Amino acid sequence: MLQVNVLRQNPEWVKERLAVRHFKNAGLVEEIIALDDDRKKLQAEFDNTQSKINSASKEIGKLMAQGKKEEVEQMKQDVAANKAQTTALTEKMNATEKALQEKLIQLPNLPSALVPPGKTPEDNVVVRSGGDDVKLPEGALPHWDLIKKYDLIDFETGAKITGSGFPLFKGKGAKLQRALIQYFLDYNTAAGYTEYIPPFMVNEASAYGTGQLPDKEGQMYHATEDNFYLIPTAEVPVTNIYRDTILKESDLPLKMTAWSPCFRREAGSFGKDVRGLNRVHQFEKVEIIQMVKPETSYEAFEQMVHHVERLVQSLGLPYRILKLCGGDMGFTSALTFDFEIYSAAQEKWLEVSSVSNFESFQANRLKCRFKDTSGKTQLVHSLNGSSLALPRIMAGILENNQTETGISIPLVLQKYFGAASI
RNA sequence: GGUGAGGUGGAUGAGUGGCUGAAAUCAGCAGUUUGCUAAACUGCCGUACGGGUUAAACUGUACCGAGGGUUCGAAUCCCUCCCUCACCGCCA
């Protein structure tokens, strides 16, 4: 959520930034400022009236002590009149605030100056690419066939147990998954990230805090009996650790990593790209998150991008890094780099990570602030990224490392997997 | 799930209707003293939204788990909900 003050200070600049996203409803900016003006006026009025009530009440207390009954009765009537006024004002204020909030929440984050123009994924800019060229053997298979061939994941039984998109990992498939998770976490903690295993369900307040609610309601699984949501990413519970907190400047930067299963309903995505591990309802992911001082967030962003890049490199996968254009960026992000690995067997790029700087957008909603050295309270900047999403990484490893005799395991994973090949 | 006890500022903890935005202690910050450390002493030390100011000072309002209610006046009384702790039941 953007801060109203930012809109007030520079509405034209805000609109320019929104245009980079091709955000249509720029009129919201003025509407919000107008509502905020109303809010201020109402509050001033309310405060005045309430102040009268408060002083009258104190006076009444004193008069009561002196036993001056008649005067007290007179004052009570005055207070009653004022009170009727505050009740009316409160109602107006609540309505105004609600309208303000509703509009404010519709504004996406402002793209940073680094964001390239453009509307669709085709307009994303390749920052760099790397990794080994892959030479696949004759008759190379896509991962869904390899999975069958080596009996690594049983999609059919997963569908029987739960439904389609709930893979059942099995034998070496399960072990490879575990090896990857372990490797990723070790890699992250070695870089100074504190490891967490968060709750996998969150309450409404948390889902709201990271922006899943109110608008992405349909994308989460919802346990209605208890009003909990299954997390779509570890970002939700981990970021909410710092909901409603005021940190010390010396606490920053905070670096966290967490493994978790991720549950996504993926309502509305049919047909294309859903084969095998390309798109599932339950998958696992290791996430990295940072909360930093505003002036260092782009430094932290670079750091995170390099961190993820080295991780992808270590697996020997061909990859590219995309700088998302204004039109393709997520609602809450100010700058996003996507990581894609190349699946030679599918002849397709698969997204395996997305690193974003939210600047203060998420922190504002979350109310995560810190006290700077001059004693002023300000919002932190938050960032996150995957390191990495498991299914597509596994798909990539299986496809790109297949040989006539089996699948070779990347060197860095061998000590976790316990073998050099499948 | 049952029963009981609780939820107050960074922490401990007082406060059962007006003098309490909140005692006291600890931690923290600034300073004085001291050869250093330590100790002692003095001051400061919640958040949000307004007004005010170059910035402060100053000032209004709200907030004592959340939401309602009673009252001229609520941290304090009443109702609902949430959470924590203890014991019992069930259970990985």
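Residue numbers start from 1 in every chain, and the chains themselves are labelled A, B, ... in the order their sequence lines are given, proteins ahead of strands. For clarity, every value in this text was computed on a predicted model and none was experimentally measured.
- Rounded to a whole Å, the CD atom of A:Gln101 is 13 Å from the C1' atom of B:rC49.
- Around CE of A:Met220, the count of heavy atoms belonging to other residues, nucleotides or ligands within 6.0 Å exceeds 12.
- In terms of phosphate contacts, A:Lys52 brings no side-chain nitrogen or oxygen within less than 4.0 Å of OP1 or OP2 of B:rG60.
- Ionic pairing of A:Asp37 and A:Arg8 is present here: one or more N-O contacts between side-chain nitrogen and carboxylate oxygen are shorter than 4.0 angstrom.
- For B:rG17 and B:rA74, the C1' atoms lie 6 Å apart once the distance is rounded to whole Å.
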message: Would A:Asp372 and A:Gln378 count as a side chain to side chain donor-acceptor pair (under 3.5 Å) here? Give the steps.
response: CA-CA 7 Å; A:Asp372 64 26; A:Gln378 49 175 315; 2.9 Å; yes
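- Nucleotides B:rA5 and B:rC91 are separated by 28 Å at their P atoms, to the nearest Å.
- For A:Asp47, the listed nucleotide lying nearest its side chain is B:rG60; candidates were B:rG60, B:rU47, B:rC72.
- In plain terms, the two heavy atoms of A:Leu390 and A:Val286 that are nearest each other are CD2-N, 4.3 Å.
- Rounded to whole Å, the distance from CG on A:Asp251 to C1' on B:rG28 is 13 Å.
- A close approach under 4.0 Å does occur between a side-chain nitrogen or oxygen of A:Asn54 and OP1 or OP2 of B:rA62.
- B:rA48 atom C1' lies 12 Å from atom CE of A:Met93, rounded to whole Å.
- Checked for salt-bridge contact, A:Glu235 and A:Lys285 miss the test: no charged N lies under 4.0 Å from a carboxylate O.
- Summarising the base pairing, B:rU20 is matched to no nucleotide, lacking a Watson-Crick or G-U wobble pair whose two defining distances lie under 3.5 Å.
- Atom name P, nucleotides B:rA22 and B:rC64: the rounded distance is 14 Å, in whole Å.
- Taking atom C1' in both B:rA23 and B:rU76, one finds a spacing of 15 Å when rounded to whole Å.
- Nucleotide B:rG89 forms no Watson-Crick or G-U wobble pair with any nucleotide shown, as no partner meets the under 3.5 Å limit on both distances.
- Figure legend. B:rU34 is base-paired to no nucleotide; pairs are counted as Watson-Crick or G-U wobble with both atom distances under 3.5 Å.
- As judged by a 4.0 angstrom heavy-atom cut-off over every strand, A:Lys76 is placed among the base-contacting residues.
- The minimum heavy-atom distance linking A:Lys255 with A:Ala191 is given by the pair NZ-O, 3.1 Å.
- Along RNA chain B, the nucleotide nearest A:Asp36 and the nucleotide nearest A:Ile60 are compared for position; the residue whose nucleotide lies closer to the 5' end is A:Asp36.
- A close approach under 4.0 Å does occur between a side-chain nitrogen or oxygen of A:Gln50 and OP1 or OP2 of B:rA62.
- The pairing partner recorded for B:rA11 is B:rU25, the criterion being a Watson-Crick or G-U wobble arrangement whose two distances lie under 3.5 angstrom.
- A:Lys40 places its NZ atom 15 Å from the P atom of B:rA48, with the value rounded to the nearest Å.
- Rounding to whole angstrom units, CD of residue A:Glu59 and P of B:rU71 are separated by 22 Å.
- For B:rC19, the OP1/OP2 oxygens have no side-chain nitrogen or oxygen of A:Lys62 closer than 4.0 Å.
- Using P as the reference atom, B:rG68 and B:rG10 are 23 Å apart when rounded to the nearest Å.
- The A:Val79 side chain lies nearest to B:rC72 when the options are B:rG60, B:rC72, B:rA48.
- Atom name P, nucleotides B:rG13 and B:rC19: the rounded distance is 25 Å, in whole Å.
- Side-chain proximity of A:Ser57 to the nucleotides B:rC72, B:rG51, B:rU47 is greatest for B:rC72.
- One atom, CG of A:Asp226, and another, P of B:rC82, lie 10 Å apart when rounded to the nearest Å.
- Spacing between atom CD of A:Gln378 and atom P of B:rA48 amounts to 12 Å, rounded to whole angstrom units.
- Judged by closest nucleotide on RNA chain B, A:Lys58 is the one of A:Lys58 and A:Phe46 placed further toward the 5' end.
- Counting any heavy atom pair closer than 4.0 Å across all strands shown, A:Lys376 reaches no nucleic acid atom.
- When every heavy atom of A:Trp259 is checked against every heavy atom of A:Pro198, the shortest pair comes out as O-CD, 3.8 Å.
- Residue-level contact check: A:Gln43 touches the bases, meaning some heavy atom is under 4.0 Å from a base atom.
- Nucleotide B:rC58: paired with B:rG51 (Watson-Crick or G-U wobble, both distances less than 3.5 Å).
- Look at A:Arg369 and you'll find a side-chain N or O under 4.0 angstrom from OP1 or OP2 of B:rA48.
- Between A:Arg39 and the phosphate of B:rG50, there is a side-chain N or O to OP1/OP2 separation shorter than 4.0 Å.
- Searching all strands for a Watson-Crick or G-U wobble partner of B:rC45 with both distances below 3.5 Å returns nothing.
- Taking the six-membered ring for Trp, A:Tyr183 and A:Phe417 have ring centres at least 6.0 Å apart.
- Among the atoms of the strands shown, only primed sugar atoms or phosphate atoms (P, OP1, OP2) are found under 4.0 Å from some heavy atom of A:Ile246.
- Distance check on atom P: B:rU80 versus B:rU12 gives 29 Å, rounded to whole Å.
- When both pairing distances are held under 3.5 Å, B:rG73 makes no Watson-Crick or G-U pair with any nucleotide shown.
- Atom NZ in A:Lys83 sits about 7 Å away from atom P in B:rA74, given to the nearest Å.
- With both pairing distances under 3.5 Å, B:rC81 is matched to B:rG65 as a Watson-Crick or G-U wobble pair.
- Separating the C1' atom of B:rC83 from that of B:rC45 is a span of 29 Å, rounded to the nearest Å.
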